[in-house]
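Numbered from 1 within each chain, the chains take letters A, B, ... in sequence-line order. Every heavy atom of this structure was used, including side-chain atoms; hydrogens, water molecules and symmetry mates were not. Quantities reported herein were computed from a predicted structural model and do not represent experimental measurements.
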Protein chains: 2
Amino acid sequence: MDSIERFIEQMANHAEADGLPRISGRIMAYFVINGGPFSFSEIADNLGISRGSASTNTRLLRDLGILERYQKPGSRQDYYVLAVQPYQRLLKGYIERMESSINNIKQLVDAPETELPTAALERLDALEGFYHTAIESTRVALEKTGGNHA
Amino acid sequence: MDSIERFIEQMANHAEADGLPRISGRIMAYFVINGGPFSFSEIADNLGISRGSASTNTRLLRDLGILERYQKPGSRQDYYVLAVQPYQRLLKGYIERMESSINNIKQLVDAPETELPTAALERLDALEGFYHTAIESTRVALEKTGGNHA
DNA sequence: TTATTCGTTCAGTGTGTACTGAACGCTGTA
DNA sequence: TACAGCGTTCAGTACACACTGAACGAATAA
């Protein structure tokens, strides 16, 4: 296994740790190394994956903002390239998940039928505060990497 | 399902999305709401989970720095409480994973047997730069939440 | 010693899901 | 029209893993 294969496999591992399919990590690594654009069929063939997986995972990477699809004039195939700011969307995803956690806390605190003791409210407040600062610094990272136009 | 159950279940969902067992999220939510300390058996009984799961997941939450274990004098049972800074360790975990990604990139770039084209090196450099700024802002969040003593 | 009560470990089970490959619909070509 | 090439969808599988419950070792009590 050469260093490129190892890189691709590690990206697959990291994707898996993030709760994403391994193949999506391999596709991303493939684009980082080899650039692009690549056609749908090239992705499936060069990575040795089924066209079904290629379809599912290119759509996933599109939804994450990592890949972009476009049509070459005169060609019926789909082509893919790395997005201009491929990683910002990931940060936005983190922010959304943390905001979802905050909403979960607020729903509990604001629920009319529950009377929580003061200590519980304090712990919930501490948790919410943690999410707020985490979101804030993620926003800072977003701006630094140039994704502040959203 | 009342609002407390919903809160617990949502924490379980978020844990699952983070690649953790659902039960670990339920235990954490249980401590956030009800405080502590609770004995090992109380955790298993009150959450209706097996002692095996209680053992595995309390250890996981200990490793994450969310729970702390201690022995009450005169009691043979293990007791658990929320750690003083329960969430910092999570951020440290994120940082470690991103550092691992950086190392993966460096291994590829520094590999003597691979001659990567300039464009590939640029893309790898951009990815590494992204991780660096993400790590940096996570460190800022760590400091703001009071976990800067490590 | 034996009995009891802890927490841990591990084999077994169930479940969710990544992945494949075939069938399908769509679009452009002949 | 029929045909070919494209991407998507979906049933089937294979596998990973969360969870259970029983067996186990350790520590205390009798």
Which nucleotide in the list [options] gets nearest to the side chain of [X]?
X     : options               : answer
A:Q77 : C:dG7, D:dG7, C:dC19  : D:dG7
B:I23 : C:dT20, D:dT8, D:dT20 : D:dT20
A:R59 : D:dT9, C:dG7, D:dG21  : D:dT9
A:S50 : D:dG7, C:dT20, C:dG7  : C:dT20
B:P21 : C:dT9, C:dC19, D:dA18 : D:dA18

Side-chain N or O of A:S55 less than 4.0 angstrom from OP1 or OP2 on D:dT8?
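So the side-chain polar atoms of A:S55 do come within 4.0 Å of the phosphate oxygens OP1 or OP2 of D:dT8, strictly under.
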Using a cut-off of strictly less than 4.0 Å, decide whether B:R51 has a side-chain nitrogen or oxygen near OP1 or OP2 of C:dC10.
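No, B:R51 has no side-chain N/O under 4.0 Å of OP1/OP2 on C:dC10.
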Thinking salt bridges, do B:R139 and B:E99 make one under a 4.0 Å N-O criterion?
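Yes.
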Can you work out whether B:G52 or A:R69 has the more 5'-proximal nearest nucleotide on DNA chain D?
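Between the two, 5'-proximity favours A:R69.
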Which part of the nucleic acid, if any, lies within contact of B:S41, taking any heavy atom under 4.0 Å across all strands shown: a base, the sugar-phosphate backbone alone, or nothing?
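Sugar-phosphate contact only - B:S41 comes under 4.0 Å of backbone atoms but never of a base.
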Select base, sugar-phosphate, or nothing to describe what A:R26 touches, counting heavy atoms under 4.0 Å on all strands.
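The residue A:R26 makes no contact with any strand.
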Could you tell me the separation between the [atom1] atom of [X] and the [atom2] atom of [N], rounded to a whole number of Å?
X     : N      : atom1 : atom2 : answer
B:Q71 : C:dG7  : CD    : C1'   : 10 Å
A:D45 : D:dG7  : CG    : P     : 11 Å
A:E16 : D:dC15 : CD    : P     : 14 Å
A:Y80 : D:dC6  : OH    : C1'   : 11 Å

Under the side chain to side chain contact (heavy atoms under 4.5 Å, CB included) rule, what do A:N57 and A:I49 come out as? Steps first, then yes or no, please.
CA-CA 11 Å; A:N57 286 278; A:I49 61 178; 5.9 Å; no
Can you see whether A:R6 engages B:N104 through a side-chain donor-acceptor pair at a distance of less than 3.5 angstrom?
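Short answer, no.
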Using the side-chain contact (heavy atoms from CB on, under 4.5 Å) rule, pick out the option among A:I23, A:T56, A:I27, A:L20 that qualifies with A:L61.
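By the side-chain contact (heavy atoms from CB on, under 4.5 Å) criterion, A:L61 pairs with just one of A:I23, A:T56, A:I27, A:L20: A:I27.
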